[in-house]
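Please read through the structure below; I'll follow up with questions.
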Amino acid sequence: MNLKERLTDVLQPILGSDIPVIWSVPKRSEQGDLSTNAAMIASKRLGRNPREFAQELVDIIDPEAFGLEKLEVAGPGFVNVWIGPGYYHGVVRQILERGSEYGSSSTGNGQRVIVEFVSANPTGPLNIVSARAAAIGDSLVRVMRKAGYDAMAEFYVNDAGRQIRRLGESIIARAKGEEVPDDGYHGEYVKDIAKALDTVRLYVEMEDLAQHLAGKLPDPSLEGLGKLAAGLITVEQSETLSRYRVHFDRWFKESELHDGGDPQKALDRLRELNAVYEKDDAVWFKGSEFGDEEDRVIITSEGRPTYLLPDIAYHLNKADRCDIAIDLLGPDHHDYVNRMQAALKALGHEDFLSVLIVQQVHLLRDGERVKMSKRAGQMVTLSELLDEVGVDVTRYFFLQRKTSTPLDFDLDLALEQSDQNPVYYVQYAHTRTRGILRQEGAPKPDLNTELSPLTAPEELELIKILEQFSETIARSAEAHEPQRLVGYLEEIANRLHKFYGACRVIGEDEAVSNARAALVLATGIVLKEGLHLLGVEAPERM
RNA sequence: GCGCCAGUAGCUCAACUGGAUAGAGCACCGGCCUUCUAAGCCGGCGGUUCGGGGUUCAAGUCCCUGCUGGCGUACCA
């Protein structure tokens with residue numbers, strides 16, 4: 001149990017169980033190391049003077065028992081707490097003991113989570129929004145695992161349906177040297193696939209294509225050809241993603257769903273629940289009864305399911321496998337959220353799904369937006385981005401900002417290998433910890449190193465931020481906001497640099513040197529693990 | 001029209017889920033390298049948190065309303 005929890009345990013009986021005791025770190029050091037507003041909340045309900053009540057809380061805590069320096073009532077009724085250095089020395093020791101395990105918690109209680117992201121159609125290379133989603137989704141999974149969730153990363157492959165036929169058509173057109181249809185896929189990669197398939201000719205579909213091109217077969221299997229190409233594209237996507245250090249635990253194919261008859265089962269279930277009806281030869285889901293703006297067609301008048309039905313089936317499938325589903329969707333899909341939530345509500349899975357909209361990314365070069373057009377096949381792909389700016393910078397840039405806000409990705413800044421570029425600030429801090437300990441004559445700290453010489457403000461400020469690692473991770477996980485971790489790591493870097501400026505490690509009195517070296521080692525551990533959660537490397541030298 | 005996301009320093013963004021005097025980076029100005037990497041540190045400049053109401057001890061944060069921008073608004077996915 002940590003300090004906050006122990007303090008809360010003492011206060012809770014006086015406050016009553018319905019008053020939350022929330023400890024926060026005040027912005028100003030004159031307000032102590034920890035603060036709670038519980039007395040103000042409680043006094044309202046109990047009709048008491050908040051400051052008097054706060055004093056009562058202060059009186060009941062024995063400072064020595066908790067290693068506290070003092071407690072105070074402040075402002076309108078805050079209880080402020082000053083923590084003694086002994087507690088912080090314990091934090092450093094704990095980091096050294098736990099190593100890369102430091103920061104883990106059981107906040108998630110082992111809840112099973114499926115985070116679905118990217119899920120790009122297998123009809124072309126990954127674009128920039130996918131790149132952003134990939135970085136965020138992957139880090140979110142890492143963060144959630146660290147916070148005690150049983151989290152899995154999943155990629156939903158839309159390998160069925162119309163777009164696969166269109167892909168087949170586009171390939172045939174390219175193979176014939178004809179223009180690709182307007183609603184087809186225009187990128188250069190389609191040409192490459194056509195060529196590759198033609199060269200290999202291993203598959204029945206390709207034989208069909210060859211026959212077709214020779215004028216012997218009027219209609220090759222577009223579906224089969226499309227699937228084949230989709231498979232190749234999926235492989236390519238997965239290779240790019242693994243270069244990007246993005247890992248998926250499962251690639252879930254839409255065709256698996258169809259093979260198992262899941263969409264039909266979902267439809268039957270909705271029928272049983274009386275959540276669908278027929279109108280104009282089509283089957284409609286009663287979305288408006290479950291929080292959507294309007295009812296939605298799930299089987300067209302031609303008898304074909306719309307994309308919504310297999311998607312409902314897919315989410316039902318997830319509901320069998322996890323407690324919480326998180327979907328990261330592109331900005332062009334946000335109208336889809338309500339209807340999916342409505343469907344899940346109808347099926348008894350309210351509050352199961354939470355959706356994060358990954359907003360638009362604009363690439364800037366020379367201060368100008370880079371024009372991207374899918375229609376004309378002109379896109380900057382993830383793969384190209386990685387070639388140009390590298391994995392660390394790309395991931396860091398995407399993870400810096402809240403996912404729900406549009407993002408300008410400044411290529412010139414990304415390429416700049418200087419202090420202008422924030423990635424290096426944190427990486428440099430890690431390098432600095434390694435550099436100090438690499439020095440000749442540097443102490444070799446271990447678990448028995450005496451830490452009590454750590455008393456300088458810069459030392460304690462550094463430890464205070466390290467102490468918040470676990471909580472920062474837990475909050476990032478709960479809020480589904482990995483970007484919080486970025487700001488946190490920058491804060492560690494900043495305090496390390498200040499410490500570095502104020503306190504020499506090597507050449508001081510031996511006890512001081514040893515203790516400081518232990519602190520430097522601990523800081524390096526946290527920085528490295530933090531960067532790892534972002535999928536960014538922690539270099540030994542720069 | 002309706003829906004979603006945004007609007008905070010000149011620019012890019014934070015703000016620990018409603019707390020105390022709204023913070024960083026970039027840009028601009030000025031300091032600090034014969035000592036562990038100056039990819040760093042210190043100081044300065046810079047704000048009606050889009051406007052207007054409301055809720056309360058307390059609002060950038062919650063509610064209402066108006067404005068601006070982006071995206072979406074299919075029997076496409």
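So you know, we letter chains A, B, ... as the sequences are listed, proteins then strands, and number each from 1.
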Thinking salt bridges, do A:Lys318 and A:Glu116 make one under a 4.0 Å N-O criterion?
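A salt bridge is present here (some side-chain N lies under 4.0 Å from a carboxylate O).
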Which part of the nucleic acid, if any, lies within contact of A:Asn80, taking any heavy atom under 4.0 Å across all strands shown: a base, the sugar-phosphate backbone alone, or nothing?
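Since a base atom lies under 4.0 Å of A:Asn80, the category is base.
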Within this structure, what is the NE2-to-C1' distance between A:His334 and B:G70, rounded to whole angstrom?
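Nearest whole value for this atom pair: 10 Å.
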Please state whether the rings of A:Phe469 and A:Tyr488 are parallel, tilted or perpendicular, taking 30° and 60° as the class boundaries.
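Geometry flag for A:Tyr488 against A:Phe469: parallel rings.
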I need the CD1-P distance between A:Ile22 and B:U17, as an integer number of Å.
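About 6 Å, once rounded to whole Å.
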Quantified in whole Å, what is the P atom distance between nucleotide B:U61 and nucleotide B:A6?
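One P to the other, the span is 14 Å.
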A:Asn37 near the nucleic acid: base, sugar-phosphate alone, or nothing, with a heavy-atom cut-off under 4.0 Å?
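Base, at least one base heavy atom under 4.0 Å.
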Side chain of A:Arg475, heavy atoms from C-beta onward: which of B:C16, B:G72, B:C36 has the nearest atom to it?
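In terms of side-chain proximity for A:Arg475, the closest of B:C16, B:G72, B:C36 is B:C16.
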Please work out if A:Ser35 contacts a base, only the sugar-phosphate, or nothing of the nucleic acid, heavy-atom cut-off 4.0 Å.
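Base: the residue A:Ser35, judged by heavy atoms under 4.0 Å, touches a nucleobase.
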Mind checking side-chain hydrogen bond (donor to acceptor under 3.5 Å, both in side chains) for A:Tyr307 and listing every partner two or more places apart, or none if nothing turns up?
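So A:Tyr307 forms a side-chain hydrogen bond (donor to acceptor under 3.5 Å, both in side chains) with A:Arg339.
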Look at A:Tyr425 and B:C41 and indicate whether a side-chain polar atom (N or O) is within less than 4.0 Å of OP1 or OP2.
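Affirmative; the distance criterion is met.
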Please give the distance between the C1' atoms of B:G19 and B:C36 as a whole number of Å.
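Each nucleotide's C1' atom is 41 Å from the other's.
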I want to verify a distance call: between B:U17, B:C36, B:A20, whose nearest atom is closest to the A:Arg484 side chain?
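The listed nucleotide nearest to A:Arg484's side chain is B:U17.
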Whole angstrom is fine here: how far is it from CD in A:Gln163 over to P in B:A77?
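Atom CD in A:Gln163 sits about 8 Å away from atom P in B:A77.
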Geometric cation-pi criterion A:Lys4 and A:Trp23, 6.0 Å radius, 45° cone:
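So A:Lys4 doesn't make the cation-pi contact.
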Is the A:Tyr314 ring parallel, tilted or perpendicular to the A:Tyr156 ring (thresholds 30°, 60°)?
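Ring orientation, 0 to 90° scale: parallel.
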Kindly check if the number of other-residue, nucleotide or ligand heavy atoms within 6.0 Å of NZ (A:Lys464) is above 12?
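Enclosed.
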Given Watson-Crick and G-U pairs under 3.5 Å, RNA chain B in dot-bracket ([ ] crossing, | other strand) is (((((((..((((.....[...)))).(((((.......))))).....(((((..]....))))))))))))....
Length of the OH-P vector between A:Tyr336 and B:C71, whole Å
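Distance check: A:Tyr336 OH to B:C71 P gives 22 Å.
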Please determine whether a side-chain nitrogen or oxygen atom of A:Tyr156 lies at a distance below 4.0 Å from atom OP1 or OP2 of B:A77.
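For A:Tyr156, the contact criterion (side-chain N or O under 4.0 Å from OP1 or OP2 of B:A77) is not met.
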Charged N to carboxylate O below 4.0 Å: is that the case for A:Arg434 and A:Glu540?
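Yes.
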When the C1' atoms of B:U68 and B:U49 are compared, how many Å lie between them, rounded to an integer?
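That atom pair is separated by 16 Å.
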Closest to the A:Asp332 side chain, choosing from B:G72, B:C41, B:C75
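Nearest listed nucleotide: B:G72.
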Who pairs with A:Glu52 by side chain to side chain contact (heavy atoms under 4.5 Å, CB included), at least two apart in sequence or on another chain?
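Once residues adjacent in sequence are excluded, the partners of A:Glu52 under the side chain to side chain contact (heavy atoms under 4.5 Å, CB included) criterion are A:Asn49.
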Just to be sure I understand the rule, does A:Phe78 reach a base, reach only the sugar-phosphate, or reach nothing, if contact means heavy atoms closer than 4.0 Å?
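Touches a base.
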Identify whether the distance between the nearest side-chain nitrogen and carboxylate oxygen of A:Glu459 and A:Arg516 falls below 4.0 Å.
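Salt bridge: yes.
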Torsion-based syn/anti label for B:U17, 90° from 0 as limit
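This nucleotide is in syn.
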Residue whose nearest RNA chain B nucleotide is more 5′ - A:Thr300 or A:Ala429
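This one resolves to A:Ala429.
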Choosing from B:A39, B:C75, B:C5, which nucleotide comes nearest the side chain of A:Val297?
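Among B:A39, B:C75, B:C5, the one nearest the side chain of A:Val297 is B:C75.
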Gap between atoms CG and P, on A:Leu489 and B:C13 respectively (whole Å)
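My rounded result for the distance is 20 Å.
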What's A:Thr472 touching, base or sugar-phosphate or nothing? Going by heavy atoms closer than 4.0 Å.
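No contact at all - A:Thr472 keeps every heavy atom at 4.0 Å or more from the nucleic acid.
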When you look at CD of A:Glu30, are more than 12 heavy atoms from neighbouring residues, nucleotides or ligands closer to it than 6.0 Å?
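Enclosed.
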Heavy-atom side-chain proximity of A:Asp327 to A:Leu353 below 4.5 angstrom:
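Yes - at least one pair of side-chain heavy atoms lies under 4.5 Å apart.
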Between B:C26 and B:U73 - C1' atom distance, rounded Å
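Their C1' atoms lie roughly 38 Å apart.
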Nearest heavy atom decides the nucleotide; on that basis, is A:Asp408 or A:Lys27 closer to the 5' end of RNA chain B?
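It is A:Asp408, whose closest nucleotide lies nearer the 5' terminus.
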Identify whether any heavy atom of A:Asp280 sits under 4.0 Å from a base atom; if not, whether one sits that close to sugar-phosphate; answer base, sugar-phosphate or nothing.
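Base: the residue A:Asp280, judged by heavy atoms under 4.0 Å, touches a nucleobase.
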Whole-angstrom distance between B:G53 and B:C67, as gauged at atom C1'
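My reading of the C1' atoms in B:G53 and B:C67 gives 15 Å.
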By the 4.0 Å heavy-atom rule, please label A:Ala442 as base, sugar-phosphate, or nothing.
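Counting heavy atoms under 4.0 Å across all strands, no contact is made by A:Ala442.
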B:G47 to B:G3 separation - C1' atoms, rounded to the nearest Å:
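Approximately 33 Å lies between the C1' atom of B:G47 and that of B:G3.
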B:G52 and B:G25: how far apart are their C1' atoms, nearest whole angstrom?
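Those two atoms are separated by 33 Å.
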How far, in whole Å, is B:G7 from B:C63 if one measures between their P atoms?
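14 Å, rounded to whole Å.
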What nucleic acid atoms does A:Arg541 come within less than 4.0 Å of, heavy atoms only: base, sugar-phosphate, or nothing?
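Base contact - A:Arg541 has a heavy atom under 4.0 Å of at least one base atom.
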Close side-chain approach of A:Pro76 and A:Phe78, heavy atoms under 4.5 Å
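Yes. Closest side-chain heavy atoms under 4.5 Å.
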I want to check one thing: is the phosphate of B:C4, taken as OP1 and OP2, less than 4.0 Å away from some side-chain N or O of A:Asn338?
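Checking A:Asn338 against B:C4: no side-chain N or O falls below 4.0 Å of OP1 or OP2.
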Taking any heavy-atom pair under 4.0 Å as a contact, classify A:Gly487: base, sugar-phosphate, or nothing.
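Nothing, no nucleic acid heavy atom in range.
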B:C33: syn or anti, per glycosidic angle within 90° of 0:
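Classified syn.
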Under 4.0 Å, heavy atoms only, any strand: does A:Pro76 hit a base, just the sugar-phosphate, or nothing?
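The residue A:Pro76 makes base contact.
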Could you tell me whether A:Val25 contacts a base, only the sugar-phosphate backbone, or nothing, with contacts defined as non-hydrogen atoms closer than 4.0 Å?
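Answer is base: heavy atoms of A:Val25 come under 4.0 Å of a base.
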Does a distance-only test, which skips hydrogens and angles, find a donor-acceptor pair under 3.5 Å between the side chain of A:Ser404 and the base of B:C5?
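Such a pair does not exist between side chain and base.
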Once you apply a heavy-atom cut-off of 4.0 Å, does A:Thr306 come out as touching a base, just sugar-phosphate, or nothing?
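Since only primed, P, OP1 and OP2 atoms lie under 4.0 Å of A:Thr306, the category is sugar-phosphate.
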Interface residues of residues 504-515 of chain A with RNA chain B (non-hydrogen, below 4.0 angstrom)
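Here the set is A:Arg504, A:Val505, A:Ile506.
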Tell me, please, which residues at least two apart from A:Ala342 pass side chain to side chain contact (heavy atoms under 4.5 Å, CB included).
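For A:Ala342, the residues satisfying side chain to side chain contact (heavy atoms under 4.5 Å, CB included) (neighbours in sequence not counted) are A:Phe285, A:Phe290, A:Asp292.
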To the nearest Å, how far apart are A:Tyr307 OH and B:A77 P?
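Interatomic distance, OH of A:Tyr307 to P of B:A77: 7 Å.
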Is the distance from OP1 or OP2 of B:C76 to the nearest side-chain N or O of A:Arg304 less than 4.0 Å?
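Answer yes for this pair, as a side-chain N or O of A:Arg304 is under 4.0 Å from OP1 or OP2.
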With sequence neighbours excluded, residues passing side chain to side chain contact (heavy atoms under 4.5 Å, CB included) with A:Glu278:
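Expected list: A:Arg271, A:Val283.
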Whole angstrom is fine here: how far is it from CD1 in A:Ile41 over to C1' in B:A58?
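Going from A:Ile41 (CD1) to B:A58 (C1'), I get 11 Å.
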Side-chain N or O of A:Lys498 versus OP1/OP2 of B:C42: is the shortest distance under 4.0 Å?
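A:Lys498 to B:C42 OP1/OP2: side-chain N or O found under 4.0 Å.
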Measure CZ/A:Arg401 against C1'/B:C13 and give the value in whole Å, please.
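Rounding to the nearest Å, CZ of A:Arg401 and C1' of B:C13 are 6 Å apart.
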